[in-house]
Amino acid sequence: MTVNDKKIEILELLEKDSRLEVEKIAKMTDLSVEETNQLISEMERDHIIAGYSTLIDWTKVLDYEGVTAMIDVKVTPTRGVGFDKVAERIYRFPEVEAVYLMSGAYDLSVLIEAKTMSDIGRFVSDKLSTLESVLSTTTHFVLKKYKHDGIIFEGDDDDKRIMVTP
Amino acid sequence: MSPSSKTTYLSKTVEQLQPSGIRRFFDLASKMDNVISLGVGEPDFVTPWNVIEASFHSLEKGYTAYTANAGMIELRTRISAYLKKKYQVDYDPEEQVIVTVGASQAIDLALRALIDPGDEVIVVEPSFVSYAPAVSLAGGIPVKVDTDPLQQFKLEPELLEKAITEKTKAIMLCSPNNPTGTVLSKDELAAIAAVVKKYDLFVLSDEIYGELCYDEKHTSFSQIPEMKERTLLLSGFSKAFAMTGWRLGYAVGPSEIIKAMTKIHQYTIMSAPTMAQHAAIEALDHSETSVQEMKKSYRQRRNFVVKEFREMGLNCYLPGGAFYVFPSIQKTGFTSEEFAEKLLQEQRVAVVPGNVFGRSGEGYIRCSYATSLKQLDEAMKRIRAFLQTI
Ligand SMILES: Cc1ncc(COP(=O)(O)O)c(C=O)c1O
């Protein structure tokens with residue numbers, strides 16, 4: 001196995017569980033703890049590991065209110081920088097969770113999270129639509145999250161095997 | 001005939017069968033709470049979704065009837081192509097492939113097709129618990145050959161040769177092995193093949209863990225020169241594709257034997273489950289990625305568990321395949337049964353004592369690492385704590 005294979009293996013493990021201890025990663029990938037730390041630091045330095053986040057099912061949190069919307073945005077690209085400039089204007093807003101350049105009926109897909117529906121309304125009408133290169137927006141509210149980032153939210157993951165088998 | 005009273009109506013063969021030691025541990029463990037089980041001989045993954053979906057689809061389309069006795073020809077063709085790709089061996093899907101109810105039924109059919117009363121079949125121990133009873137049920141005599149723990153329980157040709165008699169008809173081989181995880185290399189298989197040839201024996205090669213080889217490519221016994229004609233390759237979907245509950249396996253080998261097996265199959269089972277056969281076609285056609293992902297995860301967990309056992313001070317070699325590790329518990333002074341039972345009582349971790357797989361497994365325990373890393377980690381903590389109390 002090459003160093004790159006080991007890196008990929010570490011990344012896959014961390015992608016599934018960013019809290020996985022270095023000692024365990026080391027044992028599973030057959031590296032020493034020092035080597036594992038070294039590879040992780042390298043990948044952090046190179047922004048291959050861009051951050052560590054936690055996937056939370058907020059609907060299970062009492063009294064927590066939040067709304068997610070996906071907004072299709074049509075824009076006029078800017079000479080020289082294409083869509084990048086307007087994308088940056090959009091992704092700088094803290095309530096914006098994700099921005100993707102899309103092929104097809106619209107140009108940018110913007111994922112936004114806010115406390116209430118009216119917060120989202122305000123964001124779209126005041127901030128997004130007023131950007132010079134934005135031609136139109138279509139807002140879709142997320143009603144329920146079934147699966148996100150590869151994780152099934154309501155899944156029943158119980159082990160259905162009996163205790164001891166041949 | 002004059003009336004008389006029998007003490008039992010049971011057949012002597014069945015009466016003399018020992019209940020499986022696995023059963024006893026299941027009974028013990030299932031009565032307790034908060035048990036972490038390393039006693040499970042099956043994948044912890046659920047069957048890949050595309051495979052499950054293919055069986056729904058087959059039902060929706062109304063495929064609810066029997067199939068051909070030997071199995072759907074579409075599936076037999078895929079099995080044949082799969083083996084050709086993996087091992088470069090050719091089997092005619094019409095004549096040399098039979099689809100069975102798990103590898104379990106393939107083992108049973110093979111033995112019944114080969115054995116006359118009194119024939120001896122060599123069973124290499126530690127072995128899968130069903131081999132010896134299956135030989136007895138077919139009317140044969142299981143002859144057990146112990147392997148050496150210091151040789152990672154690999155079957156050495158001299159040991160095999162010593163066990164052969166006039167009555168020896170066949171050998172049951174299993175690589176990668178349950179319970180030891182041991183894999184036999186091409187050279188090791190070739191050395192066994194030389195003995196097989198010398199004494200004109202037949203080989204039942206259980207290769208159900210063939211996809212789960214972590215360090216080297218799996219060699220099938222049928223690949224060894226001149227062995228294809230005297231080998232039945234027994235396998236199935238349970239382990240590689242996480243399909244234990246689907247009960248689907250197969251055997252490939254010489255036409256004459258497959259034909260005989262099909263005859264028995266026809267009079268006993270008729271055909272393997274139809275929806276499972278449709279699922280299996282999908283599994284062979286489109287599951288390469290899932291199989292590789294599962295395999296990767298098993299390899300990581302194997303590395304983890306072996307390192308943990310070694311850190312605890314238990315001797316544990318690195319098994320090349322399947323999803324078991326077989327650490328030695330000799331230094332604790334307990335027998336395998338005592339160790340497993342005390343560990344279960346005191347720390348609620350279920351493992352299987354090595355002796356249930358044959359006497360050469362005494363002093364060892366089988367731990368399956370087909371369990372989530374979280375569970376494995378907790379199990380290792382508990383075993384460590386247990387070792388500190390003794
Ligand atoms: C070595 C071996 N052969 C055969 C089987 C049975 O497999 P199947 O589910 O295909 O009947 C098992 C199951 O544990 C096994 O370990």
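Values reported hereafter were calculated over all heavy atoms of this structure, with side chains retained and with hydrogens, waters and symmetry mates removed. Quick caveat: nothing in here was measured; it's all calculated off a predicted structure.
Here B:I22 is the residue among B:T371, B:I22, B:V129 with the most heavy-atom pairs under 4.5 Å with chain A. Per-residue heavy-atom pair counts under 4.5 Å with chain A were compared for B:F357, B:F128, B:F26, and the maximum is reached by B:F26. With chain A as partner, the option from B:D44, B:V351, B:V352 having the largest number of non-hydrogen pairs under 4.5 angstrom is B:D44.
A salt bridge is defined here as a Lys NZ or Arg NE, NH1 or NH2 lying under 4.0 Å from an Asp or Glu carboxylate O, and A:K6 with A:E42 fails to meet this definition. A salt bridge is defined here as a Lys NZ or Arg NE, NH1 or NH2 lying under 4.0 Å from an Asp or Glu carboxylate O, and B:E311 with B:K307 fails to meet this definition. A salt bridge links A:D119 with A:R122: the closest approach of a Lys/Arg side-chain nitrogen to an acidic carboxylate oxygen falls below 4.0 angstrom.
Defined by atom type and a distance below 3.5 Å, a donor-acceptor pair is missing between the side-chain atoms of A:Q38 and A:E34. A donor-acceptor contact under 3.5 angstrom links the side chains of A:S32 and A:E35, judged on distance only. Side chain to side chain, A:D57 and A:H148 fail the donor-acceptor criterion of an N or O pair below 3.5 Å.
The part of B:L373 that comes within reach of chain A is its side chain, from C-beta onward, which places non-hydrogen atoms under 4.5 angstrom from that chain. Within the 4.5 angstrom heavy-atom criterion, atoms from both the backbone and the side chain of B:V35 approach chain A. With a threshold of 4.5 angstrom between heavy atoms, A:L13 approaches chain B through side-chain atoms but not through N, CA, C or O. When heavy atoms are compared at a cutoff of 4.5 Å, A:E23 does not approach chain B at all. For B:S297, no part sits under 4.5 Å from any heavy atom of chain A, backbone or side chain. Contacts between B:K296 and chain A at a heavy-atom distance below 4.5 Å involve the side chain alone, from C-beta outward. Heavy atoms of B:R366 lying under 4.5 Å from chain A belong exclusively to its side chain. For B:D27, no part sits under 4.5 Å from any heavy atom of chain A, backbone or side chain. Contact of A:D30 with chain B is made through backbone and side chain together, with heavy-atom distances under 4.5 Å. If you measure heavy-atom distances from B:Y324 to chain A, the contacts under 4.5 Å come from the side chain alone. Both the backbone and the side chain of B:V40 come within contact range of chain A, judged by heavy atoms closer than 4.5 Å. Residue contact with chain A, scored on non-hydrogen atoms closer than 4.5 Å, involves the side chain of B:N178 exclusively.
For B:F309, the ring pair (Phe, Tyr, Trp, His ring centres under 6.0 Å) criterion is met by no residue, not counting sequence neighbours. For the ring pair (Phe, Tyr, Trp, His ring centres under 6.0 Å) test, no residue two or more places apart in sequence or in another chain qualifies with A:Y100.
A centroid separation of 6.0 Å or more is found between the aromatic rings of B:F304 and B:Y369.
Residues B:Y214 and B:V183 are not in side-chain contact: their nearest non-hydrogen atoms beyond the backbone lie 4.5 Å or more apart.
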